[in-house]
J.: 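Below is a structure I'd like to ask you about.
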Amino acid sequence: MWTKVARQALTALEKLERAGYESYLVGGCVRDLLRGETPHDADLTTIALPEQTKAVFADRHVIETGIKHGTVTVVLDGVPLEITTFRTEGTYSDGRHPDEVQFSRTLREDLRRRDFTVNAMAMSPRTGVVDPYGGMQDLQNKVIRCVGDPRERFSEDALRILRAARFASTLDFEIEEETARAMLELTPLLAKVSAERVSAEFINLLCGAGAQRVLTEFRELVAFIVPEIRESFGFPQQNKHHCYDVYTHTVCAVSYIPPEPVLRLAAFFHDIGKPRAYHIGENGRGSFRGHSQVGEQIARDVMHRLKFSNAIIRDVCVLVREHDYLLQNEHGALRLLQRLPNDLLDPLMHLMRADALAKASPQESLQKVETLRDGLLELIRQSPALHVSDLAIDGKQLIALGVPEGKSVGTMLEYLLEQVIDGKAQNTTESLAQCVLKIVDKK
Ligand code: ATP
Ligand code: MG
């Protein structure tokens, strides 16, 4: 487990100690090392003031990351190490940031300001593990517990509420009772947290091993972040294929899909449109027809509000929109493939499988998905072209053949694609050029 990150962190620590400054590894990297996991980054805490740390690493690349808060980043052999002076935090009048940061002379004070016991341990070769708040025991029992009074700690900084849920999911830990109660009681304080921080934590939460449990236990927290999901709570599916209400089915689907942001988000949003799309069909039976389009719109609104990246929004929306298209349109494979960007075919299959697994008879539903997938792959094998980009001719060549620059080029490419799909032209440069010339010459 003593990877490059940990080795460089130790090197930095020894350098500081040799200069006479008490220093420790702290926080996430200690937690991960004690769990036998590889830390992805390392934080150090030290009695040295930022200027003193800079002087110790005068021969190195030092970045003044947050010098006001006592943090500088030192890069050793390509590994960035955050080195922060022991600090305490004053009052928090905005519910998110301390009014002032005071440097401290003791490690214990520094550990007390940290969020959870498992994140409030330090270690150094000189002292071994320093654990004044019972972090080791909580680590062994797989428990997330605030350092100090949870209500106070969450009121100081509401982001901690979401961090608790995120760690419970990523570490697959339980949340201690008082901490959990305070999280739910103080959920509205999350209004003070920026959209970017909320979405980053939410994605991590969704991708954690304990996502299903945390999304279920803390669904009120989830509904504070995504109010639209509340309509799914307890909403009956009215359908023999489903044994769960919409939210329970959603959370199951999340747990069955690989833990990648786009996939987990797509699973989270895939049925969010069901409650609004519900209506009594012509046959007198309940129907969710159109829920994918409604869901796509809701997902887009939510993700815009939470400031997700455009790339994520685009991909998740396509997956939500298409997640049950094939199940509703058995003969729609070609149309689907034409609409679907190539790189979203695999993600769509993951979503359809996860959706199937979260239904009442998963084996039967899964079998259906596999059959549809085989059909799609066969179609791809047979089709000379599915997208304009698959054509053996491009825009530049069309212009050279006399197609006017601008919109006409796109229109012509679409026309050629149709000709190829309908078998009226071969997908070769010569055959397509002939088609083009026939039209250009006529004009
Ligand atoms: P990971 O990096 O694996 O997500 P981490 O524990 O390293 O987990 P960071 O956000 O990198 O989390 O923070 C480093 C440490 O700083 C934490 O372990 C914790 O001790 C402290 N910390 C971070 N954010 C807060 C906060 N909002 N309130 C109190 N302490 C915090
Ligand atoms: Mg970290």
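Here the structure is a predicted model, which is why all the values come from computation and not from measurement. Start at 1 and go down the list; that is how both ligands and their atoms are numbered.
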J.: Ser23 and side chain to side chain donor-acceptor pair (under 3.5 Å): which partner among Thr46, Thr45, Thr53?
T.: Thr46
J.: Can you name the one residue among Arg276, Arg305, Arg300 that meets salt bridge (charged side-chain N to carboxylate O under 4.0 Å, His left out) with Glu228?
T.: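 With Glu228 as partner, Arg276, Arg305, Arg300 yield a single salt bridge (charged side-chain N to carboxylate O under 4.0 Å, His left out), made by Arg305.
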J.: Ligand 1: which residues have a non-hydrogen atom closer than 4.0 Å?
T.: Gly27, Gly28, Arg31, His40, Asp43, Arg113, Arg114, Asp115, Asn119, Asp157, Arg160, Arg163, Arg166, Phe167
J.: Using the side chain to side chain contact (heavy atoms under 4.5 Å, CB included) criterion, which residues pair with Asp131? Sequence neighbours excluded.
T.: Met121, Val129, Met136
J.: Please confirm whether the ring centroid of His270 lies under 6.0 Å from the ring centroid of His249.
T.: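 Yes, the ring of His270 comes within the 6.0 Å limit of the ring of His249, centre to centre.
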J.: Any side-chain donor-acceptor pair under 3.5 Å between Thr38 and Thr3?
T.: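 The answer is no; no qualifying pair exists.
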J.: So, His97 and His69: side-chain donor and acceptor under 3.5 Å apart, yes or no?
T.: no
